[in-house]
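Data first, discussion second: the structure below is written as structure tokens.
Just so it is clear, the values below take in all heavy atoms, side chains as well, and ignore hydrogens, waters and symmetry mates. Treat the numbers as computed from the prediction; the structure is a model and nothing was measured. The chains referred to below are lettered A, B, ... by the order of the sequence lines, with proteins before strands, and numbering in each begins at 1.
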Number of protein chains: 2
Amino acid sequence: MTGRDLSLRRFSGYAMKRAFNQVQADLNATLAPHGLRLVTFSALCLIDENKGLKQSELAQILGVERPNMVLIVDELDSADLIVRDRSTEDRRAYELRLTEQGEKVLAAASAAAQGHDARMTAGITDDVRETLVTALWRIEANGRQRD
Amino acid sequence: MTGRDLSLRRFSGYAMKRAFNQVQADLNATLAPHGLRLVTFSALCLIDENKGLKQSELAQILGVERPNMVLIVDELDSADLIVRDRSTEDRRAYELRLTEQGEKVLAAASAAAQGHDARMTAGITDDVRETLVTALWRIEANGRQRD
DNA sequence: TATTGTTATACTCTATAACTATA
DNA sequence: TATAGTTATAGAGTATAACAATA
């Protein structure tokens, strides 16, 4: 552990895996008291920002397969955080909306998630933190380009 | 997809998840022709840098549970990339070493992985790339501190 | 009694095929 | 015929308990 993996540490992919393992563990622990995990929290954010979002649109944005999205939306639905409204334009589709309870939970969970983010990026300047997030989205875009 | 998840994008954890999804897919595709995946490649690097590394030490460094490490080492062993030598000091333990074939495969896979890394970080300056990797390891250390 | 490697097992995540109802 | 949501299912990846050999 003490400088053992010197050359591996220079690989950005390995650094990302190890860092993300920690972030995921801490974030899920942070969200658990709110009955959420990373993917359900993300879904809640997106539905809040895009009223009437369809399940399949949500799946595409989150990069989740439709069959798996069903379970995620079920989870939020069962917890009364969102409702599935039948679309009047396309009666095959559901439009997703937050309930009042969903808005309350999202507000509380967002505050907790911001605390988590600050904790994980402790000792990193706002400047570097911004550079980090920008670089990560650039990497994500580079990857998506080759699909 | 077009600016839909504005506030979520500011969360470093979400950015890391999305970026790492792309990196993992590209890296595994890059390593597959060499018969490796991220975890077996990492193991191979570590064994190369630390001759005689024990299985349990490797598991601890990689953050993998011992029972799962068995399968990973089995995979490298079956492919004749490493050997398990019984330790003379502690006959419960194995000392892991690369075979000649393992050294060849590691050299080829390392070159491929460096190409992958360059591809994924295209458009990012060396300066920012270094900042990124340093910040990721800082985040990893912040997470480990609270275990 | 503790530790290394192992087996068996279970739980989560993810991915694919096929169905239904609508379009 | 194509699409939205669903079901069933199979494959990874990961985690825990318990065992044999050795310390």
Spacing of B:Lys17 atom NZ relative to C:dT12 atom P, expressed in whole Å: 16 Å
Sugar-phosphate, base or nothing in reach of B:Asp90, heavy atoms under 4.0 Å: sugar-phosphate
A:Glu130, CD atom: more than 12 neighbouring heavy atoms under 6.0 Å: no
Side chains of A:Arg119 and A:Thr30, donor plus acceptor under 3.5 Å: yes
Interatomic distance where CG belongs to A:Asn28 and C1' belongs to C:dC13 [whole Å]: 12 Å
Nucleotide interval of DNA chain D bounded by contacts with chain B (heavy-atom cut-off, under 4.0 Å): D:dG13 to D:dA23
Upstream residue (5' side of DNA chain C) when B:Arg66 and A:Arg37 are each assigned their closest nucleotide: B:Arg66
Atom-to-atom span, CD of B:Glu65 to C1' of C:dA8 - whole angstrom: 16 Å
Length of the line joining B:Phe20:CZ and C:dC13:C1', which is rounded to integer Å: 14 Å
A:Tyr14-A:Arg9 side chain donor-acceptor pair, cut-off 3.5 Å: no
Sugar-phosphate only, base, or nothing, as touched by B:Arg91 at under 4.0 Å among non-hydrogen atoms: sugar-phosphate
Whether B:Thr99 side chain and B:Asp80 backbone form a donor-acceptor pair below 3.5 Å: yes
Shortest side-chain distance from B:Ala93, nucleotide among C:dT14, C:dT6, C:dT4: C:dT4
Steps toward side-chain hydrogen bond (donor to acceptor under 3.5 Å, both in side chains) verdict (A:Arg66, A:Gln60): CA-CA 8 Å; A:Arg66 264 67 49 108; A:Gln60 202 213 352; over 6 Å; no
Name of the residue among B:Lys54, B:Arg97, B:Lys51 meeting salt bridge (charged side-chain N to carboxylate O under 4.0 Å, His left out) with B:Asp85: B:Arg97
Spacing between B:Asp74 atom CG and C:dT6 atom C1', to the nearest angstrom: 9 Å
Backbone of B:Asp77 reached by a side-chain donor or acceptor of B:Arg84 within 3.5 Å: no
Whole-Å gap separating C1' (C:dT3) and CD (B:Glu57): 13 Å
Donor-acceptor pair present, B:Arg92 side chain and C:dT3 base, under 3.5 Å: yes
Touch class at under 4.0 angstrom, heavy-atom based, for B:Arg86 against every strand present: nothing
Whole-Å distance separating the CD1 atom of B:Ile72 from the C1' atom of C:dT6: 14 Å
Length of the line joining A:Leu62:CG and C:dC13:C1', which is rounded to integer Å: 14 Å
Toward the 5' end of DNA chain C, by each residue's nearest nucleotide, B:Asn21 or B:Gln55: B:Gln55
